[in-house]
Structure formats: structure tokens, C-alpha cells
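Since the structure comes first, as C-alpha cells, the remarks are kept for the end.
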Amino acid sequence: RVEWEVIKKAREEVPTIALDERSGEESEYEFPTLPDTVLAILYDGGKAAEEEPRLLGTVENSLGLADWLKAQGHEFIVRQSVDDYSILALTRLKAEVLITTPFHPGYLTRELVEKAKNLKLCITAGVGSDHIDLNAAVDHRIQVLEVSGSNVVSVAEHVVMSILLLVRNFVPAHEMIERGDWQVSDIARNAFDLEGKVVGTIGAGRIGYRVLQRLVPFDCKELLYYDYAPLPAAAAEAVKARRVEDLKTFVSQCDVVTVNCPLHEGTRGLVNAELLKHFKKGAWLVNTARGAICDKDAVAAALKSGQLSGYAGDVWNVQPAPKDHVWRTMKNPLGGGNGMVPHYSGTTLDAQARYANGARSILENYLTGKPQDPQNIIVGIGKYETKAYGQR
Ligand code: NAI
């Protein structure tokens with residue numbers, strides 16, 4: 001394994017190393033700096049990744065970067081979590097570049113940012129960099145780049161699917177069939193058409209707008225959006241979307257709310273018990289943005305009471321979600337309304353090809369000193385370069 005080679009090499013160079021690997025405690029010896037070391041925190045794809053090379057976001061297939069980086073003489077360390085060795089690579093082997101994905105995020109806390117003295121660039125292979133303490137990155141002049149746009153269609157399609165599966169009561173219907181039962185009334189009593197409903201998106205950026213575009217042919221009663229950045233007039237007109245500036249007023253008008261904004265200080269816990277009171281009774285909520293935008297317990301309680309008829313999404317406040325996470329099994333009073341899946345809407349094989357390519361060009365630009373595509377820069381040197389991660 002590549003990372004073992006690096007660690008072995010470091011040990012050979014400093015044979016008396018007395019590092020306490022488990023605690024990561026400082027020892028009296030310094031690890032040598034390995035220039036341009038790239039650390040990737042991906043996830044263990046197991047048998048699936050061995051059989052399917054297009055599963056690029058896995059440790060096994062390493063975004064297709066291993067041979068390319070090696071050929072250029074760069075060190076490439078791949079780990080599956082922020083474990084002792086990846087911390088070691090950041091703090092002692094002094095990795096310069098960190099690549100992570102949002103699907104199995106490697107959480108880069110302020111504490112780690114402060115220790116990672118050589119870190120200059122974080123690349124998110126995908127979209128959504130909230131697993132990195134972005135304010136700490138600003139303070140420490142670490143750039144954070146995403147592969148903007150790489151999976152926005154993948155997510156928008158998933159959102160439309162999730163809206164439909166909730167509104168049409170699909171999951172309990174399928175479970176009934178697997179059980180060997182057939183009682184149409186039990187399903188139909190809570191199944192509706194999307195036509196004629198009011199659907200609103202919190203966040204009308206790349207994904208939110210694509211969701212609105214895809215909803216046009218469903219003849220919804222109205223499409224609404226809530227975003228501090230108004231859509232260009234022509235774009236709003238093209239999907240006939242109306243902006244609502246007050247969040248409570250917005251949710252009170254929607255039959256379906258879909259969340260499509262990034263997670264930042266202004267959106268953490270945005271959909272909480274207080275806001276849920278303002279939802280229409282029996283509304284459906286879809287969140288493929290980030291789990292922590294919705295308050296875990298408030299959502300579970302709203303579903304249980306019937307204030308929400310359904311909740312669907314693929315993002316969780318902690319990932320991987322613990323086995324007993326309430327969102328895995330929560331239900332509405334009729335025993336349905338749960339459309340939760342693991343975080344995969346933005347990691348279809350099509351999306352993986354796009355974000356692997358995008359991560360590689362960001363890396364290539366960095367290593368060869370070429371300018372980056374401005375739309376990919378979330379945090380530049382010492383400042384935010386996007387308006388999407390909060391109003392500052
Ligand atoms: P984007 O940057 O194109 O759009 C985000 C929009 O949210 C912007 O228009 C921004 O003004 C708005 N926004 C920010 N704060 C807001 C607030 N407090 N209230 C209302 N609107 C607010 O980003 P994009 O590409 O549409 O992605 C959005 C998010 O979706 C990502 O940040 C990520 O968290 C999530 N995502 C999830 C994926 C998945 O696999 N589940 C994959 C890709 C993205």
C-alpha cells in the first residue's frame with residue numbers, strides 16, 4: 001500500500017523515531033518533509049470497488065490518481081478516515097494537499113488545521129466542503145476547492161425521485177409487495193399526485209435551480225424558492241419560480257420543501273422544531289444538501305406526529321450514520337414516509353467520473369502553478385471566494 005511505503009520510508013530516514021503512533025504525540029524527532037505529498041481520505045469500497053473500477057471515490061481506485069501522481073514523483077497516501085496515520089501524514093509527514101469526499105467525509109477540524117503546518121490545499125472530490133472547518137482554512141491561508149457542478153444533475157434527479165416517492169407513498173407500497181401482501185387501500189390512503197402541489201427549494205443555486213427545471217413538466221401549482229441570492233430574472237421566469245424572502249412564510253406555502261443550500265453557520269439547524277411548526281400540516285421534506293441543516297430530533301418528532309408526512313434524503317448529521325440513528329427507522333403515523341438512503345445521490349458512476357477528473361485538474365493546476373477555475377474556489381488564500389457559504 002502506498003501509505004505504508006511512505007511511512008516506512010520516513011521511518012528509515014529517521015530510524016530511531018520514537019513516535020507514539022496511536023496518540024500522535026510529538027516525539028523529539030521530526031519526520032522529514034516530503035514535498036508535494038498528497039493525502040486522500042476516501043472510503044473502503046470492498047468487493048464492489050475491486051469489481052467495478054468506475055467506483056473512483058474509493059480507497060481501492062483512489063480517484064484514478066495513484067499512477068499519475070507516482071509517475072510524476074509525488075507521494076500519494078490514501079486512507080479511509082481521519083485516523084492516526086492520516087493525522088500523521090498531515091502533521092508529521094507534512095502533506096501539502098488533502099483530498100476528501102463528502103460521502104465518507106474526512107472531517108478536518110480547526111484543531112487539525114492548526115497542526116497541519118504544511119497543508120496548502122484541500123480538494124473536495126464532489127460538491128460541499130462543510131466537513132472542513134472553512135473559517136479555520138481562511139485563518140490559516142489554506143485554499144479549499146470543490147469540483148463545482150460535477151454532481152449537480154445527479155443530486156437534482158435524486159431530489160425529484162425523492163419528492164415523487166414521498167408524495168406517491170412508494171416505499172411502503174414496495175415493502176408491502178415484498179412481504180407478500182396486497183392491500184391497495186393501505187397505500188392509496190396516503191398517496192397523492194405531484195401535479196397541483198406547491199414545491200419550494202431552500203437554496204436556488206446549481207442544484208436547487210435544476211430541481212425547479214425538472215419539476216416544470218409536473219404542472220405543480222407553484223414553484224417557490226428561498227435564497228438570499230435572487231435568481232436572475234430570466235432564469236426565474238424560465239421556470240416560473242417565485243421568490244419568498246421570509247423563511248416562515250415560504251415554508252407555510254409549500255406542500256413540498258426541498259433543501260439545496262450548503263451547510264454553514266447560517267444554515268446549521270435551519271429546519272428546527274420552531275420552523276417545522278410553520279410548515280403546512282402533512283408537508284413533505286426532502287434534504288439532500290446536508291443532514292445538519294435539519295434538526296435530527298425535531299424532524300423525527302414532526303414525522304411521528306404527522307406534522308410532516310414524509311422525510312427523504314441521503315445526508316446525515318454524522319456520516320456514516322450510527323446503526324441506531326433515528327432517521328433510519330422513523331415513520332409517520334401510518335407507518336410510511338421514510339425515504340432515507342446512504343449518502344450517494346451525488347456519487348453515481350457518471351458523477352464519479354466527473355469529480356475524479358475535476359479533482360485531477362485542480363491538483364494538476366496546483367502542482368504546475370496554473371490558475372484554478374474560479375467557480376471551484378470556495379476558500380482562496382485568506383478569504384472566501386464564494387457567496388454560497390453564508391452572507392459575510
Ligand atoms: P451552489 O453554490 O450552486 O448553490 C447554493 C445556493 O444556496 C446558493 O444560491 C446560495 O445563495 C444558497 N444559500 C446559501 N445559504 C443559504 C441560506 N441560508 N438560505 C437560503 N439559500 C442559501 O451549490 P450547489 O451545487 O447547488 O450545492 C448545494 C449543496 O448541495 C452543496 O453545498 C452540498 O452541501 C449539497 N450537495 C449534496 C450532494 C449529495 O450527494 N447529497 C452532492 C452535491 C452537493
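Whatever order the structure lists them in is the order used to number ligands and atoms, beginning at 1.
- Within the set Y225, Y389, Y355, Y226, the minimum heavy-atom distance to atom 19 (N) of ligand 1 is found for Y226.
- For the side chain to side chain contact (heavy atoms under 4.5 Å, CB included) test with L223, the passing option among L212, V211, V198 is L212; the others fail.
- Residue S345 has at least one heavy-atom neighbour below 4.0 Å for each of these atoms of ligand 1: 39 (C), 40 (O), 41 (N).
- Between E114 and R110 there is a salt bridge, since a side-chain N of the basic residue sits under 4.0 Å from a carboxylate O of the acidic one.
- Among protein heavy atoms, the minimum distance from atom 43 (C) of ligand 1 is reached at N151 OD1, 3.3 Å.
- The residue H158 has no part lying near ligand 1, judged by heavy-atom distances below 4.0 Å.
- Heavy atoms of L270 found under 4.0 angstrom from ligand 1: none, in either backbone or side chain.
- Of the heavy atoms in V152, only side-chain atoms (C-beta onward) come closer than 4.0 Å to ligand 1.
- A donor-acceptor pair under 3.5 Å is absent between the side-chain atoms of R290 and the main chain of N287, judged by distance alone.
- From the protein, the heavy atom lying nearest to atom 15 (N) of ligand 1 is H264 NE2, 2.9 Å.
- Each of T347, T101, T124 was scored for a side-chain hydrogen bond (donor to acceptor under 3.5 Å, both in side chains) with Y355, with one residue passing: T347.
- Those atoms of ligand 1 with a heavy atom of F103 less than 4.0 angstrom away are 40 (O).
- Closest to atom 18 (N) of ligand 1 among all protein heavy atoms lies T267 CG2, 3.2 Å.
- Among the candidates N260, D227, T258, the single residue satisfying the side-chain hydrogen bond (donor to acceptor under 3.5 Å, both in side chains) test with T201 is N260.
- Of all the heavy atoms of D314, the ones lying under 4.0 Å from any atom of ligand 1 belong exclusively to the side chain.
- A donor atom on one side chain and an acceptor atom on the other are found under 3.5 Å apart for H325 and N317.
- Contact atoms of ligand 1 toward G346: 39 (C), 40 (O) (distance under 4.0 Å to a heavy atom of the residue).
- Ring to ring, W316 and H343 are not that close: their centroids are 6.0 angstrom or more apart.
- What sits closest to atom 13 (N) of ligand 1 on the protein, heavy atoms only, is C261 CB, 3.7 Å.
- The distance from ligand 1 to the heavy atoms of G203 drops below 4.0 Å at these ligand atoms: 7 (O), 21 (N).
- Contact analysis leaves G126 out of contact with ligand 1, as no non-hydrogen atom separation drops below 4.0 angstrom.
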Verdict with reasoning, E274 to K277, per salt bridge (charged side-chain N to carboxylate O under 4.0 Å, His left out): CA-CA 5 Å; E274 170 56 21; K277 284 189 209 150; 3.3 Å; yes

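- Remark: among candidates D227, T288, V155, T124, the nearest residue to atom 42 (C) of ligand 1 is V155, based on non-hydrogen atoms.
- Q183 and S185 share a side-chain donor-acceptor pair at under 3.5 Å.
- Close contacts between ligand 1 and V315 involve ligand atoms 41 (N) [criterion: under 4.0 Å to a heavy atom].
- Considering both main-chain and side-chain atoms, A229 never comes within under 3.5 Å of ligand 1 through any nitrogen or oxygen pair.
- Side-chain atoms of Y384 and N135 form a donor-acceptor pair, as typed in the model, at a separation below 3.5 Å.
- Under the rule for a side chain to side chain contact (heavy atoms under 4.5 Å, CB included), the partners of A236 that lie at least two apart in sequence or sit in another chain are L231.
- Contact annotation for R206 and ligand 1: heavy atoms of both the backbone and the side chain come within less than 4.0 Å of the ligand.
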